Each structure stands twice: as structure tokens, then as C-alpha cells.
Amino acid sequence: MPFFNIGGTTLNNNTLATSTILFLIGIAYPIIIFIPEWKKAILLVEGIIFASVGAAFLEPFFNLYFLVIGIFFIVVSVLAYAEKLPRFMLRFFKARKR
């Protein structure tokens, strides 16, 4: 996480947003590997984090990308919970038996 000064970079909103998302990814994907039943929940939390990081830290027009990605993740996870996704997409959310 870039909380220290390397090469003249400083702590600003872009580094906060980047470090938050990288921290989220660093925790989320090992959980998905070891507990595959949590895929939908983690995708929902990632969507909420992406949208909130975009709204809180980033400047206008750049934050719209994060808001759109976050809302997309939220919609896909809610549709996966309701099992309303097409069959080829829904199979990615099915937990395999161990």
C-alpha cells in the first residue's frame, strides 16, 4: 500500500482509491478460492466498495467508471442470488462439491 513516499509520490485520493481496491482484491480472491460458496456475496461487497470508492475518492468523470463497474457487480450478484442470470453465466456461481 502506498502510504509512504517513494520517488516523490504523495498520498492523495488516487492512491487511497487504488490501495483500497487492491486490498479488497487481495482479500476477496483467496476467500473465493477456499470458500467457493461465497462468490455471490463477495461480488456484492466488491460492487459496493467499487461504487463507494468511485463516489468518495475520485474526481468527476473518472469516478463514473468505478460507479458503473460497482453497479454492474451489484446487479450481477443480485441476479445470481435470484438465479435470474442466463444458464451459462449462472454456472460460474454454482459451488462445486468438495
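Remember, it's a predicted structure, so these values are computed and weren't measured experimentally. Residue numbers run from 1 in the order of the sequence given.
In this structure, NZ on Lys40 lies 11.5 Å from CG on Leu79, to the nearest 0.5 angstrom. Note that the CZ atom of Phe72 and the CG atom of Leu67 stand 15.0 Å from one another [nearest 0.5 Å]. For the atom pair Ile49 CD1 and Ile74 CD1, the distance stands at 10.0 Å (nearest 0.5 Å). Atom CG of Leu90 and atom CZ of Phe88 lie 10.5 Å apart (nearest 0.5 Å). One finds the OG1 atom of Thr18 at 10.5 Å from the CZ atom of Phe57 (value rounded to the nearest 0.5 Å).
In this structure, Leu16 is a member of the same hydrophobic cluster as Phe66, with clusters built from ILVMFWY side-chain heavy atoms closer than 4.5 Å. Linking Ile, Leu, Val, Met, Phe, Trp and Tyr residues whenever their side-chain heavy atoms come within less than 4.5 Å leaves Leu22 and Tyr65 in two separate clusters. Hydrophobic clustering keeps Leu64 apart from Ile48 (ILVMFWY residues linked when any side-chain heavy atoms are closer than 4.5 Å, directly or through intermediates).
The shortest distance between side-chain heavy atoms of Ile31 and Ile27 falls below 4.5 Å. Two residues are said to be in side-chain contact when any heavy atoms from C-beta on lie closer than 4.5 Å; Phe50 and Ile21 meet this criterion. By the 4.5 Å heavy-atom criterion applied to side chains, Glu46 and Leu43 are counted as neighbours. Side chains of Leu85 and Phe93 form a contact here, defined as non-hydrogen atoms less than 4.5 Å apart.
A salt bridge links Lys94 and Glu83; the closest N-O separation between the charged side-chain nitrogens and carboxylate oxygens is under 4.0 Å.
Not counting sequence neighbours, the partners of Ile71 by the side-chain contact (heavy atoms from CB on, under 4.5 Å) test are Val75.
A distance-only check finds a donor-acceptor pair linking the side chain of Tyr81 to the backbone of Ala41 [under 3.5 Å].
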